[in-house]
Number of protein chains: 2
Amino acid sequence: MYTYQYPHPAVTTDCVIFGYDLREGLSVLLVQRGIDPFKGRWAFPGGFLKMDEDADTGALRELKEETGFEASSITQFGAFTAVDRDPRERVITIAYLALVRKGDVQGGDDAADARWFPVTAVPPLAFDHDRILRLALERLKEQIHFRPVGFELLPEVFTLSQLQALYEAILGVRFDRRNFASKMLKLGLLQPTGDRPTDAARRIPQLYRFNLQKYDDLKQSGFRLEF
Amino acid sequence: MYTYQYPHPAVTTDCVIFGYDLREGLSVLLVQRGIDPFKGRWAFPGGFLKMDEDADTGALRELKEETGFEASSITQFGAFTAVDRDPRERVITIAYLALVRKGDVQGGDDAADARWFPVTAVPPLAFDHDRILRLALERLKEQIHFRPVGFELLPEVFTLSQLQALYEAILGVRFDRRNFASKMLKLGLLQPTGDRPTDAARRIPQLYRFNLQKYDDLKQSGFRLEF
DNA sequence: TCAAAAGTGTTCTCCCTACACCCATGG
DNA sequence: CCATGGGTGTAGGGAGAACACTTTTGA
């Protein structure tokens, strides 16, 4: 038992992990709760913060424990503090956001109950996780202007139309194919690979790779992707 | 005494209140700590969260108690969770940001120990409040593109050169006077007032007022101030 | 009448936008 | 040979950046 002179809330972390593929579009990683409250409902991976870890560390640990996935970087995007958001006791949560390649997440051992859901078909969520998701989506839309989110979500090599589909999925708009291509290529962040994909049903598109070097240069000078 | 099965951190809120005037430039509101730890040091107004209030409410309450100022809106911008950030016990803080007219803050009764400091001349701060300030300044720079921060910080009527000086102070850059004026006026957010200021040492400039109506319209359609 | 700030307009360039044609591939 | 998607180019308009002259005022 732990006693304090004044009441203390419990503190948890939650991770909104976004992934993407052509079939399902933008998706989030959810785990099914095995215990009450909200037993059986889906929720973001997360859990109680330990006393000897900061929130970033705790979020990464819980994510690993519940999904088997070791994220390289997560971004804190909000604290949720409504008084009654957890029926057991006062719990505030610190929410994190990460972008991952779906393929990297496969094979989590403890991840029996972890599953991807398209953001357009998310089941009812536990606690106030629907609000957390809404804010996460907003933040993702903002970040897309400053951060090459496409390159974190897509496989290492990708085509221009895949990249465009991703941007359209996140922002919920449509772009002109030719203008999107020229704008992207002008940035210089894309490196054509010599290879071509083999599974093409139609004309074979060029494959690109993200140029990290160039991105670091651009970040130095403070850039912005306009869309 | 309050007992829990697992250890809980304490949770506080802190408010970074930005103000602005021509003499001092961009400033922050600080209070001097009356008790240990860090007794005598300056810190952001804030304090422990109560169990029956969410963090926004708690932040506004603490701000009022410590500075006498009733803010109309505050923006949560980060949680600080380093394990050793408070020497007494594990404390995490949720940080808020607000923009106010300096004049509105005068006259807080309890505010004996509240003072404005130019951001360029901030004294040593308690806890990790220097880190909180750094992040707040970054967020302010980001928000300036989506939110008419000038109009929240300046008096109700102001001149174009005052507005420009504010933008230059926040972003740390210089603009061409003529381009700044035409860009601002083109937005349609500025309403010329008939009046002219009397204290001019030189040629008397036009006074403007912020057009809230127009701003709401622009917000609907999702706009961005480019600078 | 001079110094200092205010007001105003033009030109050039670049980028965004809209849009059309041809090419490669598999069925 | 045709449907589907990939690749490329151009013309027009608008916005930003650079820049100079005139006006008002108090000293």
Side-chain angles (χ1 to χ4, degrees), chain A residues 21-23 25 144-146 150 154-155 157-169 171 173-209 218 221-227, chain B residues 21-23 25 144-146 150 154-155 157-169 171-209 214 218 221-227:
Chain A
D21 66 34
L22 292 175
R23 261 194 298 278
I144 208 171
H145 297 291
F146 300 102
L154 289 172
V157 295
F158 48 86
T159 68
L160 271 180
S161 52
Q162 290 172 339
L163 184 62
Q164 178 173 349
L166 169 58
Y167 272 75
E168 291 178 340
L171 290 174
V173 294
R174 305 279 302 168
F175 298 114
D176 180 273
R177 180 173 58 92
R178 298 151 288 189
N179 293 335
F180 182 86
S182 62
K183 205 183 294 191
M184 268 296 167
L185 292 174
K186 204 170 0 183
L187 278 174
L189 293 175
L190 296 183
Q191 240 166 7
T193 69
D195 314 323
R196 301 240 160 186
T198 57
D199 63 330
R202 305 291 171 223
R203 179 176 183 172
I204 298 170
Q206 177 61 261
L207 281 177
Y208 294 91
R209 188 188 307 278
L218 280 181
S221 49
F223 81 118
R224 175 178 167 81
L225 288 160
E226 273 317 327
F227 283 105
Chain B
D21 64 35
L22 292 175
R23 262 194 298 279
I144 207 171
H145 297 291
F146 300 102
L154 289 172
V157 297
F158 48 86
T159 69
L160 270 180
S161 52
Q162 289 172 339
L163 184 62
Q164 179 173 348
L166 169 58
Y167 270 75
E168 291 178 342
L171 290 173
V173 295
R174 306 278 303 169
F175 298 114
D176 180 273
R177 183 171 56 89
R178 298 151 289 188
N179 292 335
F180 183 87
S182 64
K183 206 183 295 190
M184 268 296 169
L185 292 173
K186 205 170 359 179
L187 279 174
L189 293 175
L190 296 183
Q191 241 166 5
T193 69
D195 315 322
R196 301 242 159 183
T198 57
D199 63 330
R202 304 291 171 223
R203 178 176 181 170
I204 297 169
Q206 178 60 260
L207 281 178
Y208 293 92
R209 187 189 308 279
K214 183 75 182 191
L218 280 180
S221 49
F223 81 120
R224 174 177 168 82
L225 289 159
E226 271 318 325
F227 280 105

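Atom set for the values below is all heavy atoms of this structure, side chains included, hydrogens, waters and symmetry mates excluded.
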- Take S161(B) and D176(B), find for each the nucleotide of DNA chain C with the closest heavy atom, and name the residue whose nucleotide sits nearer the 5' end.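 So the residue in question is S161(B).
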
Distance check needed: [N] [atom2] versus [X] [atom1], whole Å only.
X: N179(B); N: dA20(D); atom1: CG; atom2: P; result: 13 Å
X: K183(B); N: dC19(D); atom1: NZ; atom2: P; result: 16 Å
X: F158(A); N: dG6(D); atom1: CZ; atom2: P; result: 14 Å
X: Q206(A); N: dG7(D); atom1: CD; atom2: C1'; result: 10 Å
X: L160(A); N: dG6(D); atom1: CG; atom2: C1'; result: 10 Å
X: F175(B); N: dA18(D); atom1: CZ; atom2: C1'; result: 15 Å
X: Q162(A); N: dG6(D); atom1: CD; atom2: C1'; result: 13 Å
X: F180(A); N: dG5(D); atom1: CZ; atom2: C1'; result: 16 Å

- Message: With a 3.5 Å cut-off and heavy atoms only, can you find an N or O donor on one side and an acceptor on the other between the side chain of R203(B) and the base of dA6(C)?
- Response: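 Such a pair is found, so the answer is yes.
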
- Message: Regarding dA20(D), can its base be found pairing with the side chain of R178(B) as donor and acceptor, where the two atoms are less than 3.5 Å apart?
- Response: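 Such a pair exists between side chain and base.
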
- Presence of S182(B) side-chain N/O under 4.0 Å of dG16(D) phosphate oxygens OP1/OP2: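 No, no such contact exists.
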
- For K186(B) and dG14(D), is the shortest distance between a side-chain N/O and OP1 or OP2 below 4.0 Å?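 No, outside the criterion.
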
For [X] against [Y], the heavy-atom pair lying closest together:
X: I144(A); Y: L225(A); result: O-CD1, 3.6 Å
X: D176(B); Y: Q164(B); result: C-NE2, 4.1 Å
X: Y208(B); Y: T193(B); result: C-CG2, 4.1 Å

- Task: Check whether any side-chain N or O of E168(A) sits under 3.5 Å from a backbone N or O of F175(A) as a donor-acceptor pair, and report yes or no.
- Result: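 Yes.
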
